[in-house]
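What follows is one structure encoded as structure tokens, with my remarks underneath.
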Amino acid sequence: MTTSATDAFVAHRNLLFTVAYEMLGSAADSEDVLQETWLRWAEVDHDGVRDERAYLVRIVTRLSLNRLRTLQRRREQYVGPWLPEPLLTTPDVAEDVELADSVSMAMLLVLETLGPTERAVFVLREVFDLGYDEIAAAVDKSPAAVRQIAHRARAHIEERRPRADVAPRLRDEVIAKFLAAASTGDIQSLMDVLSPDVVLVTDGGGVKKAALRPILGREKVMRFLDGVAPEKAEADVVVVNGAPALRLFLDGELDSIGSLLVEDGLVTGIYWVRNPAKLARLDEVVALTR
């Protein structure tokens, strides 16, 4: 492979990882896809490539689609609710509001309700603003078919996407209040920031203790959190998937990551990841980009 081809892959690597992650919700699988993309890219006749970025996105999209179909079968057998693999993200991700929204836990869960091709089309069009011709080449459909798929996928997402229209600064204030109350055991302050119909989703992957179904309602959520909260836990606040989140340690070991959805000034969703396999890559920050 030529030096320029290697440089092109390195230059677009963060973008390619972001595309794969938005399609798969798994950093581990995204890294596997990037490795396969690199191998495919090495075999390409680069003299015939006019747009290296588009070509690489096409490769990573096709490989992600193949991987996604396999993952969907695996997730049907998953023990308890499945949550995306959380990522420590750089501050600039939070500053890009659209990117931060697209990689939020809540939005990744909504993307899970799309079929593989619909998800690819939606992500490439709405998040990365690719043209219909480019997307068509990536998903092996005609541009006209891609337009129709994009329209259906957009309508599907709009019906289900969180209405997190609060300004990031106000959202962060609500999250800070929740995290302070949770880390100090201030029950009343915690109640004050939880929506009456808050939903708690916990992912233990069948390995760690977690609820096997989502828990609905402020009182039930409070009882569950009170029942499982360890006495000697240490916590800090980190930026996960573009928003502040709670990182919990037990005996010096990372135990869980808690991400929040804020709507109308209250916490309406809590996403608690305890599956150790999904916490293995939280020792370094990941650079996501569009």
Side-chain angles (χ1 to χ4, degrees), residues 6-41 51-68 71 83-112 114 116-131 134-135 137-139 146 150 153-154 157 161-162 164 168 238-245 257 259 271 273 278 280-290:
T6 302
D7 290 344
F9 182 87
V10 172
H12 297 301
R13 189 188 188 284
N14 291 342
L15 165 69
L16 300 175
F17 178 87
T18 308
V19 171
Y21 179 72
E22 295 229 12
M23 287 186 61
L24 303 174
S26 163
D29 288 291
S30 298
E31 289 290 357
D32 288 345
V33 164
L34 251 63
Q35 182 64 29
E36 292 180 61
T37 301
W38 167 255
L39 295 175
R40 298 285 181 91
W41 181 239
D51 186 336
E52 293 172 325
R53 178 182 183 271
Y55 200 101
L56 283 163
V57 168
R58 190 187 314 166
I59 296 174
V60 85
T61 299
R62 288 177 174 175
L63 292 173
S64 295
L65 275 170
N66 292 338
R67 181 64 62 102
L68 185 55
L71 290 178
L83 287 174
E85 183 177 347
L87 298 176
L88 289 182
T89 49
T90 51
D92 59 326
V93 173
E95 291 165 9
D96 184 340
V97 176
E98 289 185 1
L99 178 60
D101 175 64
S102 71
V103 297
S104 68
M105 285 286 179
M107 188 59 179
L108 288 173
L109 284 175
V110 175
L111 290 177
E112 283 289 311
L114 290 172
T117 301
E118 289 178 315
R119 183 167 182 168
V121 169
F122 180 86
V123 165
L124 294 177
R125 181 65 184 165
E126 299 297 322
V127 181
F128 297 97
D129 199 29
L130 265 65
E134 287 181 273
I135 300 171
V139 300
V146 165
R154 192 181 304 117
I157 293 298
R161 76 185 308 153
V238 289
V239 178
V240 170
N241 292 57
I257 289 281
S259 298
Y271 310 104
V273 179
K278 296 183 179 180
R281 292 162 195 81
L282 283 161
D283 55 351
E284 60 182 77
V285 173
V286 176
L288 301 177
T289 188
R290 290 197 289 167

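Between the CG atom of Leu111 and the CD atom of Glu126 there is a distance of 10.5 Å, given to the nearest 0.5 Å. With rounding to the nearest 0.5 angstrom, the CZ atom of Arg62 is 10.0 Å from the CG atom of Asn66. The distance from atom OG of Ser102 to atom CE of Met107, rounded to the nearest 0.5 Å, is 7.5 Å. To the nearest 0.5 Å, atoms CG (Leu109) and OG (Ser104) are separated by 8.5 Å. Atom CG of Leu56 and atom OG1 of Thr37 lie 7.5 Å apart (nearest 0.5 Å).
A donor-acceptor pair shorter than 3.5 Å can be found between the side chains of Asn241 and Tyr21.
Heavy atoms only, all atoms of each residue included: Glu134 and Ala54 are closest at OE2-CB, 3.4 Å. Closest approach of Val33 and Ser64 over heavy atoms only: CG1-OG, 3.7 Å. In plain terms, the two heavy atoms of Ala94 and Gly242 that are nearest each other are CB-O, 3.4 Å. In this structure, Pro116 and Leu65 approach most closely via the heavy-atom pair O-CD2, 3.3 Å. When every heavy atom of Val273 is checked against every heavy atom of Pro84, the shortest pair comes out as CG2-O, 4.0 Å. Here the shortest heavy-atom pairing between Thr61 and Met23 reads O-CE, 4.0 Å.
For the pair Val240 and Leu88, the minimum side-chain heavy-atom distance is below 4.5 Å. Residues Leu99 and Glu22 form a side-chain contact, since some pair of their non-hydrogen atoms from C-beta on lies under 4.5 Å apart. Side-chain contact between Val239 and Pro244 is absent, with no heavy atoms from C-beta onward closer than 4.5 Å. Residues Thr289 and Val93 form no side-chain contact, since every pair of their non-hydrogen atoms from C-beta on lies 4.5 Å or further apart. Side-chain contact between Ser259 and Ile257 is present, with at least one heavy-atom pair separated by less than 4.5 Å. Within the 4.5 Å cutoff, the side chain of Trp38 has heavy atoms near those of the Thr6 side chain. Inter-residue side-chain proximity for Val60 and Phe17 is flagged as unmet; no heavy-atom pair is nearer than 4.5 Å. Two residues are said to be in side-chain contact when any heavy atoms from C-beta on lie closer than 4.5 Å; Thr89 and Val103 fail this criterion.
Both the sub-6.0 Å distance and the 45° axial angle are not jointly satisfied by Arg119 relative to the ring of Phe122.
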Side-chain donor-acceptor pairs of residues 7-16 under 3.5 Å, sequence neighbours excluded:
| unit_1 | atom_1 | unit_2 | atom_2 | d |
| --- | --- | --- | --- | --- |
| Arg13 | NH2 | Glu31 | OE1 | 2.7 |

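A salt bridge links Arg290 and Glu98; the closest N-O separation between the charged side-chain nitrogens and carboxylate oxygens is under 4.0 Å.
A 6.0 Å sphere centred on CZ of Arg281 holds more than 12 heavy atoms belonging to other residues, nucleotides or ligands.
When the options Leu130, Leu288, Leu24, Leu124 are evaluated for a side chain to side chain contact (heavy atoms under 4.5 Å, CB included) with Val19, the one that passes is Leu124.
Proximity of a side-chain donor or acceptor of Lys278 to a complementary backbone N or O of Ala27 within less than 3.5 Å is not detected.
Shown here are the side chain to side chain donor-acceptor pair (under 3.5 Å) partners of Glu118, two or more places apart in sequence or in another chain: there are none.
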